[in-house]
Trainee: 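First the structure, which I've put down as structure tokens, then a few questions once you've had a look.
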Amino acid sequence: MSPASKPLTGILERLESGEVVIGDGSFLITLEKRGYVKAGLWTPEAVIEHPDAVRQLHMEFLRAGSNVMQTFTFSASEDNMESKWEDVNAAACDLAREVAGKGDALVAGGICQTSIYKYHKDETRIKKLFRQQLEVFAWKNVDFLIAEYFEHVEEAVWAVEVLKESDRPVAVTMCIGPEGDMHDTTPGECAVRLVKAGASIVGVNCRFGPETSLKTMELMKEGLERAGLKAHLMVQPLGFHTPDCGKEGFVDLPEYPFGLESRVATRWDIQKYAREAYNLGVRYIGGCCGFEPYHIRAIAEELAPERGFLPPASEKHGSWGSGLDMHTKPWIRARARREYWENLLPASGRPFCPSLSKPDV
């Protein structure tokens, strides 16, 4: 059955049936490169100032195979945006819903860690910020909710507790690596606390590349199994290689945020990531900063046998470079095979650059 002919089912029904759910990718980093977002607070005024740019990026992810249109509401809470926050959240929901309606996609209302937790661990004030966004998501009737990018499990638990006040499924992802959160809570314990708080889907997003994020997911899975708890697993890493990152992830790299291009994962790296995530038992697989639509397409193509179809964007992309078999140069035609791309070790083209960096912290 093609995705267009399938009834639109909820996120939990999809995951419980074993369906692979593909998330979307980078908005902040991508739209900053395109000239629509300013680095710093990374707030999403673009949904009002440049809605066509946001709509187009949603469309590209949908066409590449994404099942979820996440609202572009990262850092769109009152502590970051003052009076703008409500209009931005509403506009982001409308854009996500408009594009989701063009395919088999769900709309996820997204919140993230606040700017005040590190300095004022005021649970009442922080929960109020989360609740304000939740009220907009309820008004706009999103399909489910995502609390993402939390470096402290305590604040992530508060977010889940607020989101559970609605009748929508709740997913939560932390921006941590294998060392755990900023208070040294292990990934396994983080997962346990989040599930006990009421999250149905748990995992990680951002800060670390695919390989590191999957190591963290393995620790989360083990922690849940030891505690006798069950939850669906979700992973949305960076589209950058970050083996040299410390506990804070890529924000401590000297290349962050304007010199990360030499670290970009290839589509073949992402196919490997998608397969490894699937083999680990993760069924919600997407990306975060640095994940372009062609990276999402790579996930969809790698998992096409399990999903039963290819995304529309694959019409212009031959499997494992097969389109190159029509090239006039014989050495280019020789690259039209899986073995070539799977075994390629791409050069950086930068003879005086080190292979790894030393984080600033």
Side-chain angles (χ1 to χ4, degrees), residues 11-25 65-68 108 146-150 153 156 169-181 185-195 199-243 245 249 265-291 295-308 342:
I11 185 66
L12 295 184
E13 291 81 3
R14 294 180 184 215
L15 292 172
E16 286 162 7
S17 72
E19 182 178 335
V20 175
V21 171
I22 298 180
D24 57 12
S66 175
N67 295 108
V68 176
I146 298 177
E148 67 172 5
Y149 198 81
F150 285 85
V153 70
V170 175
V172 56
T173 53
M174 298 191 67
C175 54
I176 61 173
E179 295 180 52
D181 83 347
T185 307
T186 66
E189 180 59 24
C190 287
V192 167
R193 290 180 61 179
L194 294 169
V195 171
S200 299
I201 307 165
V202 297
V204 294
N205 82 295
C206 207
R207 289 285 181 96
F208 299 90
E211 184 177 350
T212 305
S213 293
L214 288 179
K215 290 178 182 176
T216 310
M217 288 304 305
E218 189 169 4
L219 294 171
M220 282 190 159
K221 181 181 179 182
E222 290 171 357
L224 292 173
E225 289 173 348
R226 283 194 302 270
L229 297 172
K230 291 185 178 181
H232 300 290
L233 302 178
M234 172 179 179
V235 62
Q236 301 208 110
L238 300 173
F240 306 113
H241 294 292
T242 62
C245 280
T266 70
R267 65 195 70 191
W268 317 119
D269 294 328
I270 299 306
Q271 289 208 201
K272 179 183 177 184
Y273 146 72
R275 180 55 57 191
E276 291 177 351
Y278 184 88
N279 290 343
L280 184 60
V282 182
R283 292 296 179 268
Y284 190 136
I285 305 170
C288 201
C289 299
F291 254 77
H295 291 123
I296 295 300
R297 181 180 63 187
I299 298 174
E301 290 182 345
E302 177 62 31
L303 299 176
E306 287 77 15
R307 301 178 81 212
E342 273 193 325

Trainee: Do you know which two heavy atoms are closest between G290 and F240, and how far apart they sit?
Mentor: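 Looking at all heavy atoms of both residues, the shortest contact is CA-CZ, 3.5 Å.
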Trainee: Does the pair M234 and V202 meet the rule for a side chain to side chain contact (heavy atoms under 4.5 Å, CB included), with working shown?
Mentor: CA-CA 6 Å; M234 172 179 179; V202 297; over 6 Å; no
Trainee: Rounded to the nearest 0.5 Å, what separation is found between the NZ atom of K230 and the OG atom of S200?
Mentor: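 Answer for the NZ-OG pair, K230 versus S200, is 14.0 Å.
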Trainee: Specify the closest pair of heavy atoms between G65 and R307, including all atoms of both residues, with the distance to one decimal.
Mentor: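 Taking every non-hydrogen atom into account, O-NH2, 3.4 Å.
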Trainee: Mind checking the CZ-OH spacing from R207 to Y149? Nearest 0.5 Å is all I need.
Mentor: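 OH of Y149 is found 3.5 Å from CZ of R207.
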Trainee: Strictly distance-based, threshold 3.5 Å: is any side-chain N or O of D24 a donor or acceptor partner for the main-chain N or O of S66?
Mentor: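 Pair absent, no side-chain N/O of D24 close to backbone of S66.
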Trainee: Indicate yes or no: at least one non-hydrogen side-chain atom of Y273 is less than 4.5 angstrom from one of L214.
Mentor: yes
Trainee: Please find the pair of heavy atoms, one from L280 and one from M217, that lie closest to each other, and give the distance.
Mentor: CD2-CB, 3.8 Å
Trainee: Counting N and O atoms only, with roles assigned by atom type, does the side chain of S213 sit under 3.5 Å from a partner on the main chain of G209, one being a donor and the other an acceptor?
Mentor: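 Such a contact is found between S213 side chain and G209 backbone.
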Trainee: Closer than 3.5 angstrom, by distance alone: can the side chain of K215 be matched with the main-chain N or O of G177 as a donor-acceptor pair?
Mentor: no
Trainee: Nearest 0.5 angstrom please: T173 OG1 to E148 CD, how far?
Mentor: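 Going from OG1 on T173 over to CD on E148, the span is 5.5 Å.
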Trainee: Atom CD of E19 and atom CD1 of I11: how far apart are they, to the nearest 0.5 Å?
Mentor: 8.0 Å
Trainee: Do R297 and R267 make a side-chain contact, defined as non-hydrogen atoms from C-beta onward lying under 4.5 Å apart?
Mentor: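 Side chain of R297 against side chain of R267, heavy atoms only: contact under 4.5 Å found.
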Trainee: Go through the steps for H241 and D269 under the test side chain to side chain donor-acceptor pair (under 3.5 Å), then give the verdict.
Mentor: CA-CA 10 Å; H241 294 292; D269 294 328; 2.9 Å; yes
Trainee: Where do I296 and F291 come nearest, in terms of heavy atoms and distance?
Mentor: CD1-CD2, 3.9 Å
Trainee: I201 versus V172: any side-chain heavy-atom pair under 4.5 Å?
Mentor: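 In short, these two side chains do not touch, never coming nearer than 4.5 Å.
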Trainee: Before you tell me yes or no, could you show the steps for Y278 and L303 under side chain to side chain contact (heavy atoms under 4.5 Å, CB included), namely the whole-Å CA-CA distance, both residues' side-chain angles and the distance that decides it to 0.1 Å?
Mentor: CA-CA 8 Å; Y278 184 88; L303 299 176; 3.9 Å; yes
Trainee: Do E179 and T186 make a side-chain contact, defined as non-hydrogen atoms from C-beta onward lying under 4.5 Å apart?
Mentor: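 No. Closest side-chain heavy atoms not under 4.5 Å.
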Trainee: So do E301 and Q271 actually touch side chain to side chain, heavy atoms under 4.5 Å?
Mentor: yes
Trainee: For residues I285 and V282, report the shortest heavy-atom separation together with the two atoms involved.
Mentor: CD1-O, 3.6 Å
Trainee: In terms of side-chain geometry, is the basic nitrogen of E306 or R275 positioned less than 4.0 Å from the acidic oxygen of its partner?
Mentor: yes
Trainee: Check this for me: E189, atom CD, are more than 12 non-hydrogen atoms of other residues, nucleotides or ligands nearer than 6.0 Å?
Mentor: yes
Trainee: Can you check whether A265's main-chain N or O pairs, donor with acceptor, with H295's side chain at less than 3.5 Å?
Mentor: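 Yes, H295 side chain to A265 backbone: donor-acceptor pair under 3.5 Å.
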Trainee: Given side chains that start at C-beta, do those of L219 and P178 come closer than 4.5 Å, heavy atoms only?
Mentor: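 Yes. Closest side-chain heavy atoms under 4.5 Å.
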Trainee: Judged by atom type as modelled, is there a donor-acceptor pair below 3.5 Å linking the side chain of N279 to the main-chain atoms of E276?
Mentor: no
Trainee: Could you go step by step and tell me if F208 and T216 meet the side chain to side chain contact (heavy atoms under 4.5 Å, CB included) rule?
Mentor: CA-CA 10 Å; F208 299 90; T216 310; 5.9 Å; no
Trainee: How long is the gap from CD1 on I176 to CG on N205, to the nearest 0.5 Å?
Mentor: 10.5 Å
Trainee: Could you tell me if the side chain of V192 sits less than 4.5 Å from the side chain of M220, heavy atoms only?
Mentor: no
Trainee: Answer yes or no: is there a side-chain heavy-atom contact under 4.5 Å between L233 and L224?
Mentor: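 The answer is yes, as the side chains (C-beta and beyond) meet within the 4.5 Å cut-off.
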Trainee: Atom SG in C206, atom CD in Q236: separation rounded to 0.5 Å?
Mentor: 10.0 Å
Trainee: Looking only at non-hydrogen atoms, find the nearest pair between I146 and A108 and report the distance.
Mentor: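 So the minimum-distance heavy-atom pair works out to CD1-CB, 3.7 Å.
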